[in-house]
Number of protein chains: 2
Amino acid sequence: MTNAALSDSSHLHEVIALPPGRALEICRSLHSAILEHKLVPGLKLSEDEVGEIYGASRTVVRAALQALAHSGLVSIEKNRGAFVAKPSVQEAHEVFQARALIEPAVARLAADMITDAQIKRLYAHLEAEHQALHDGDMGKALSLSGSFHTEIADVADHRVFAGMVRSLISRSSLVIALYWKRSDTACESHSHHALMDALEKRDAGAAESIQKSHIIDLHSGLDLRSKSDRGLSLSQALQDD
Amino acid sequence: MTNAALSDSSHLHEVIALPPGRALEICRSLHSAILEHKLVPGLKLSEDEVGEIYGASRTVVRAALQALAHSGLVSIEKNRGAFVAKPSVQEAHEVFQARALIEPAVARLAADMITDAQIKRLYAHLEAEHQALHDGDMGKALSLSGSFHTEIADVADHRVFAGMVRSLISRSSLVIALYWKRSDTACESHSHHALMDALEKRDAGAAESIQKSHIIDLHSGLDLRSKSDRGLSLSQALQDD
DNA sequence: CAACGAAATATCGTATACAATTTTTGAGCA
DNA sequence: TGCTCAAAAATTGTATACGATATTTCGTTG
């Protein structure tokens, strides 16, 4: 089970705008599952099926799916149903461009107001991330790696930016599921440690520039060539026989 | 009636993530009404009442209200219902801080790729804004003033930023309804014309800095002192008798 | 045997009914 | 008059039923 203290779903209600209840629970559960890559992009989320799994009626499930659709994790097609979203190459670029603009500004804010308790908490988070990697639980490691960013936003105590970051992190998770090309997912934690150093020194400028480099680095770890550039054209595929 | 060609609701489905249907129509209608300050912050949006107005069942109305809740225009309280959102002073600051970061970057992008047809369209938009002011239709003028910003985002052709700008503009409208202190709402259009000059020259740097100044100027037009500073304390109110 | 098309099935869209909760009302009392 | 509390009314939360649309199946035909 995901450790609630280190998961980002505890504040989800602030960005999901759903009142507490079963719809929110289903929403959180699906959210976690998608972030851990247990549900792959494109997978169909049938209302009946989801409802049966959680023991809820379609009314409730629909509310949850619509909430996830609003945050970009699910796409709903009229009269066809809900699917785990499949961000296009274009959207993948846009998500990381937005992160490169917003997250450094958020890191700057966080450096100016972080408390000792929060520093401790973030180190514990890194430790959990490290542990998940050690255990070979990639899904959890990825999810924790993302929620590290949302926790920075929480430190900045800026609801509006925090909401944006949460949404961007979620979509990044889908982008990574679709387009990640690097094998060394572990290198991430190095950047996170560097950011922690800057935060601990309350060095806002350093925090901002480290975060910016980190996002750009992540962006460069994606294979965002268009399909035709990736040799998946029909003619080439047929020649392989 | 709002001119559809100049309203920002035509692209709403992209950010609302609601499939076409009556729910989206209700959503759009309420959205416009809130942006035109026909519905004031804090107003209760009863499901039955809204449903009767639009001739739809509560099921559909609920979907619309939840969509609006997610975009921050409506707040839903468990077992109490939906209300037009009432942003706090803190949130008001945050919304304009976010705009000051994002919109200048968007203006820069827009300057790099704006077409002649889009320039023409934007000038027509400014003309409509001017006309609304001349007619004394404040609600429409305010709404058009906001949608000018979302149209810039559309020019930039960046879905992710456009979605954020749309959401921020909507919330700004609520903030203005609650906290606007300046009487000269017309001065806005001067900034918009200056931005158009920069866009027409494809001067990305100028567009960025003009937009940043414009947002900061708007922010400074708000009275965001906390309640106790505004002389609305209980003791002072009682002394007025 | 592949292509087409119609019936059968499955899934979503919407309305409505009932349960749970909140809000209002007003009777009783100090 | 003003307060308390319980009953009534109103409103939201959820389940279910039915109609509309999409998908699949399968028999027919060229």
Side-chain angles (χ1 to χ4, degrees), chain A residues 12-14 16-31 34 39-86 238, chain B residues 12-14 16-31 34 39-86 234 238 241:
Chain A
L12 248 194
H13 62 282
E14 292 171 8
I16 291 295
L18 223 56
R22 263 181 306 170
L24 183 60
E25 279 179 43
I26 294 173
C27 194
R28 276 211 264 248
S29 175
L30 291 175
H31 183 95
I34 294 173
L39 302 177
V40 300
L43 182 72
K44 165 132 205 200
L45 300 170
S46 150
E47 294 180 355
D48 280 327
E49 204 171 342
V50 175
E52 191 142 348
I53 290 169
Y54 293 100
S57 77
R58 283 178 51 217
T59 308
V60 175
V61 173
R62 274 176 78 81
L65 291 175
Q66 287 181 358
L68 289 169
H70 294 144
S71 61
L73 282 179
V74 157
S75 74
I76 297 178
E77 295 171 37
K78 185 177 165 76
N79 281 322
R80 287 193 17 91
F83 305 82
V84 177
K86 245 171 125 166
L238 293 176
Chain B
L12 248 194
H13 62 283
E14 292 171 7
I16 291 295
L18 224 56
R22 264 180 307 171
L24 183 59
E25 280 179 42
I26 294 173
C27 194
R28 275 210 266 248
S29 176
L30 290 175
H31 184 94
I34 293 172
L39 302 177
V40 299
L43 183 72
K44 165 132 206 201
L45 300 170
S46 149
E47 294 180 356
D48 280 326
E49 205 171 342
V50 175
E52 192 142 347
I53 290 169
Y54 293 99
S57 77
R58 283 178 51 216
T59 308
V60 175
V61 173
R62 274 175 79 82
L65 291 175
Q66 287 182 357
L68 289 168
H70 188 269
S71 61
L73 284 178
V74 156
S75 74
I76 296 177
E77 296 171 37
K78 184 175 165 74
N79 282 321
R80 289 194 13 91
F83 305 82
V84 177
K86 243 170 128 165
L234 184 57
L238 294 176
D241 290 331

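Within every chain, numbering begins at 1; the chains are lettered A, B, ... in the order of the sequence lines, protein sequences first and strands thereafter.
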Open item on the list: Heavy atoms only, 4.0 Å cut-off, all strands: where does R62(B) land among base, sugar-phosphate and nothing?
Closed with: base

Task: Main-chain N/O of Q66(A) paired to H70(A) side chain as donor or acceptor, under 3.5 Å - done: yes

Open item on the list: For S75(B), is there any backbone N or O sitting under 3.5 Å from a side-chain donor or acceptor partner on K86(B)?
Closed with: no

Task: Working for side-chain contact (heavy atoms from CB on, under 4.5 Å), residues I53(A) and I26(A) - done: CA-CA 10 Å; I53(A) 290 169; I26(A) 294 173; over 6 Å; no

Task: Non-hydrogen side-chain atoms of F83(B) and E77(B) separated by less than 4.5 Å - done: yes

- [ ] Could you check L39(A), L30(A), L68(A) and say which one makes a side-chain contact (heavy atoms from CB on, under 4.5 Å) with V84(A)?
- [x] L39(A)

Open item on the list: For DNA chain C, which residues of residues 42-60 of chain A approach it to below 4.0 angstrom with any heavy atom?
Closed with: K44(A), S46(A), E47(A), R58(A)

Task: 5′-ward residue of the pair K78(A)/R80(B) relative to DNA chain D - done: R80(B)

Open item on the list: Between P on dT21(D) and CD1 on I76(A), what's the gap in Å once rounded to a whole number?
Closed with: 19 Å

TODO: Would you name the heavy atoms of A69(B) and I76(B) that are closest together and state the gap between them?
DONE: CB-CD1, 3.8 Å

TODO: Check the distance between dA22(D)'s P and E77(A)'s CD and give it to me in whole angstrom.
DONE: 12 Å

TODO: Provide the start and end nucleotides, 5' to 3', of the part of DNA chain C that has atoms under 4.0 Å from heavy atoms of chain B.
DONE: dT14(C) to dT23(C)

- [ ] Using atom CG of N79(A) as one end and atom P of dA22(D) as the other, report the distance to the nearest whole Å.
- [x] 5 Å

Task: salt bridge (charged side-chain N to carboxylate O under 4.0 Å, His left out) pairs, two or more places apart, involving residues 58-73 of chain A - done: E47(A)-R58(A), E47(A)-R62(A)

Task: Note, L45(B) side chain near V61(B) side chain (heavy atom, < 4.5 Å) - done: no

